[in-house]
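First the structure, in the form of structure tokens, and then the observations on it.
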Amino acid sequence: MKRRALVAIATLSAVGCARTPRPRAQLESGRVATTWYAGGADCSKQPQFRVQPYNDDFVIMRQAACTNYEKPFLYLIFGRERALLFDTGAGHVDVAARVDSLIQGWLQRKHQASIALVVAHSHAHGDHVAGDSQFVHRPNTVLVGRDTAAVRAFFGIPRWPTDSGLIDLGGRVLDVLPIPGHQPASIALYDRRTGILLTGDTFYPGRLYVRDTAAFANSIDRLSDFVARHRVTHMLGAHVEQSRTPYRDYPVGCVDQPEEHELDLGRAQLVELDSVVRSMRGHFTRTLLRDLTVWPQP
Ligand SMILES: [Zn+2]
Ligand SMILES: [Zn+2]
């Protein structure tokens, strides 16, 4: 009994629950689907995108497996004055038409005539920027450049990658965090209204390909620190390659993935990744974790 009481006291002091909590703004709630099955190789039986709103102003899209085995996730986030599309997909799909129909639906619901569109990217790899050309001549649209300098200038990031930037969509501020390592211009987006953190190809249930180990280690450390200091409700990446069976991923190039891991990752996985990456001290080896794999690339 005595021992149990001591443990309880230690736990209480560790989380600091004696402090009076400061009142905080309420985060907007929503729902992330637990399965995001994107179909098999046959395109005749399914739409090009699976779309599910997190809530009225935050839409999650996934490209169908039959159009590209990468089946990336795209995100469309609405503020009062601007909407932001995060990634344009892996190609061979009419992403602009799907985004336009979602925007039209939103405008009708809000009784609003128009809204500007910003098209930005989690990073510059082909499976996330292939639809860019469809937005080049779209009216009332800004297409953010793909390289580090363009990203830094657009989001007002003073020092790359240690500082963050932001964008205000109108009553909705997104923090922009540089997280190079997978690719030099990789960023994460934090939505202050829902607490969702979008992590691109840097942190998701699958193979985390690392090109620059030092930059990646620092990015994961900064992400981990950010998550410890902010209310993060969901961490959503750009792919799912992991299966529901722990430590098992689908093979590279796999189209049909009926037993996928859920999209959402949590702080536990990020803390574990941070710890594993730190312990490698720059000498990365391919390391299988329960929900993802660290995969250094030359
Ligand atoms: Zn990538
Ligand atoms: Zn990717």
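Each ligand, and each atom within it, is numbered from 1 in the order the structure gives.
Scanning both residues, Q46 and C66, for their nearest heavy atoms gives NE2-SG, 4.0 Å. The two residues F203 and M235 come nearest to each other via the heavy atoms CE2-SD, 3.6 Å. The heavy-atom pair separating T233 from I196 by the smallest distance is OG1-N, 3.6 Å. Summarising the geometry of Q134 relative to A96, their closest heavy-atom pair is OE1-N, 3.0 Å, with the distance given to 0.1 Å.
Look at H182 and the Zn ion (ligand 1): an N/O/S atom of the residue is under 2.8 Å from the metal. Residue H125 does not count as close to the Zn ion (ligand 2), with no N, O or S atom under 2.8 Å. In summary, an N, O or S atom of H239 is located under 2.8 Å from the Zn ion (ligand 2).
Note on F73: it clusters hydrophobically with L174, by side-chain heavy-atom contacts below 4.5 Å among ILVMFWY residues.
Take the N/O/S atoms of H128: the one nearest the Zn ion (ligand 2) is NE2. Of all N, O or S atoms in D201, the one lying closest to the Zn ion (ligand 2) is OD2. Shortest distance from the Zn ion (ligand 1) to H123 is reached at NE2 (N/O/S atoms only). For the Zn ion (ligand 2), the nearest N, O or S atom contributed by D127 is named OD2.
For the side-chain contact (heavy atoms from CB on, under 4.5 Å) criterion with V59, the lone passing option out of W106, Y54, F78, Y75 is F78.
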